[in-house]
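Just so it is clear, the values below take in all heavy atoms, side chains as well, and ignore hydrogens, waters and symmetry mates. Worth saying up front: this structure is predicted, and the values here are computed from it rather than measured.
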Amino acid sequence: MKLSLLSLSLALAPATLAAPLWSLEGLQSLVPNFANEERLIVTSEDSAPIKVTEDHKMKLRRSGVKFMDITNHQSWFAATSKEKVPVPVYNYPTNVSYPKEVSNLITDIKLENLHDNLANFSSFYSRYYKSENGFKSATWLFTKLQEITSLTENNITVEKFKHEWQQFSIIVRIPGSKTPENRVVVGAHQDSTNLLFPTLMKAPGADDDGSGVTTNLEALRILVESGFQPENTVEFHFFSAEEGGLLGSLDIFTDYKSKGHKVVSVLQQDMTGYIQKTLDNDVKEHVGVITDYVSAPFTDFIKLVIDSYLSIPYIETKCGYACSDHASALQNGYPSSFVIESDFQYTNPYIHSTSDTLDRLSFHHIAEFTKLVLGYTYELGFHEFEEVK
């Protein structure tokens, strides 16, 4: 549906406005609670929390500033800032142990599934976490996950993790048969946003992070249909509200920490489909492996999985503080790693806009990240973890 700012003005504007409706401030006046809500954020590892409005948060995002919104976890953050939560180091494999099994799984990746799931998921007008469409897209995803996991008699659960906003997160849990206390997590965020005006404008979010969601959906389908029964618990997390400052993942991993859950690894998949800028710069297709604000020993294992199971190499790159949901895990003392579609300088320039559409993406590239998830979950699903002192 096309709706001009003029027609919006005639239909929705009050008799007087503090700013012209066709300005950003005027549009925000239509949703005053959104613009004026006060939040507490952290913009760097060493900075003190600052109070901002929701409007200011969007301005920071538009200028490229990344942050955690800790409004709901102020006491937790105060405690962890004084004495950072230690991140344990485990004996991650230095060689792969299941090349035949993982290779067999990889042959079952279907490009049509990747396309169809992403076409459906990016068809919502927006997946903004405070919107009705954000709730509807989460409901679609929940139903899809129930459909996938119903294909096995294994005791797999699909749970809603509810927040104070409309869109819930989702956790799929494949319980471990031997050491279920060890949790191997792979994540992606399900929300999307248009940074110009998230409550009104279209945000298909095909790459950010529909591509990560569809990557994990296909990997999960293959594992379920293969009868995958890991010795460690394997979880697939679909986080809400990443675009609001890692809100959903902060809720989840803070909850896990408070309950004493043991998470041995968290792999975040955020943007896995765009390669055009890489090719335009005469660079070979590759995976971007983030090296800042991650667990280095665990990231070395991720590099091993890429070298062993993918048909493209990796390039080390950086993305800054709090650039995706792996940061929430790390903040709570859980080893985490983050991979992205390319060297950060070549990532998708169309994200957070109406132009983040699936026609700009490579499904062969998304399939490479599906291989990564399969290798990661299988290798660590059967690994005997020991903490390295």
Treating [X] as the side-chain partner and [Y] as the backbone partner, does any N or O pair qualify as donor plus acceptor under 3.5 Å?
X	Y	answer
N348	Y350	yes
T233	P180	yes
D356	P204	no
D255	D251	no
D209	M271	yes
S324	H326	no
R360	Q276	no

With side chain to side chain contact (heavy atoms under 4.5 Å, CB included) as the criterion, how do V339 and I290 come out once you've worked through the C-alpha distance, each side chain's angles and the decisive distance to 0.1 Å? CA-CA 6 Å; V339 293; I290 301 300; over 6 Å; no
Contact check, side chains of [X] and [Y], non-hydrogen atoms, under 4.5 Å:
X	Y	answer
F338	C323	yes
Y309	L374	no
F67	I50	no

Modelled atom types, side-chain donor and acceptor of [X] and [Y], under 3.5 Å:
X	Y	result
T370	E218	no
D359	T357	yes
Y129	T193	no
D325	Q268	yes
H286	D343	no
T272	T215	yes
E341	H365	no
H261	E181	no
T71	D69	yes
E242	H189	yes
T299	S337	yes
N154	Q229	yes
E243	S192	no

Using the ring-ring contact (aromatic ring centres under 6.0 Å, His included) rule, pick out the option among F161, F253, Y334 that qualifies with H237. F253
Answer yes or no: are there more than 12 heavy-atom neighbours, outside [X] itself, under 6.0 Å from its atom [atom1]?
X	atom1	value
E132	CD	yes
K160	NZ	yes
K318	NZ	no

Looking only at heavy atoms, what is the nearest atom pair of F238 and L217, with distance? CZ-CD2, 4.5 Å
Take N232 and T179 through the test side-chain hydrogen bond (donor to acceptor under 3.5 Å, both in side chains) and record every step on the way to the result. CA-CA 5 Å; N232 302 308; T179 46; 2.4 Å; yes
After noting the C-alpha distance and the side-chain angles of S249 and S328, does the key distance pass the side-chain hydrogen bond (donor to acceptor under 3.5 Å, both in side chains) rule? CA-CA 6 Å; S249 57; S328 298; 2.7 Å; yes
Applying ring pair (Phe, Tyr, Trp, His ring centres under 6.0 Å), name anything that partners F168, two or more places apart in sequence or on another chain. F135
Side chain to side chain contact (heavy atoms under 4.5 Å, CB included) evaluation trace for Y314 with D307: CA-CA 8 Å; Y314 67 83; D307 285 339; 3.6 Å; yes
Verdict with supporting geometry, D280 and K277, salt bridge (Lys or Arg N to Asp or Glu O under 4.0 Å): CA-CA 5 Å; D280 289 345; K277 195 172 179 180; over 6 Å; no
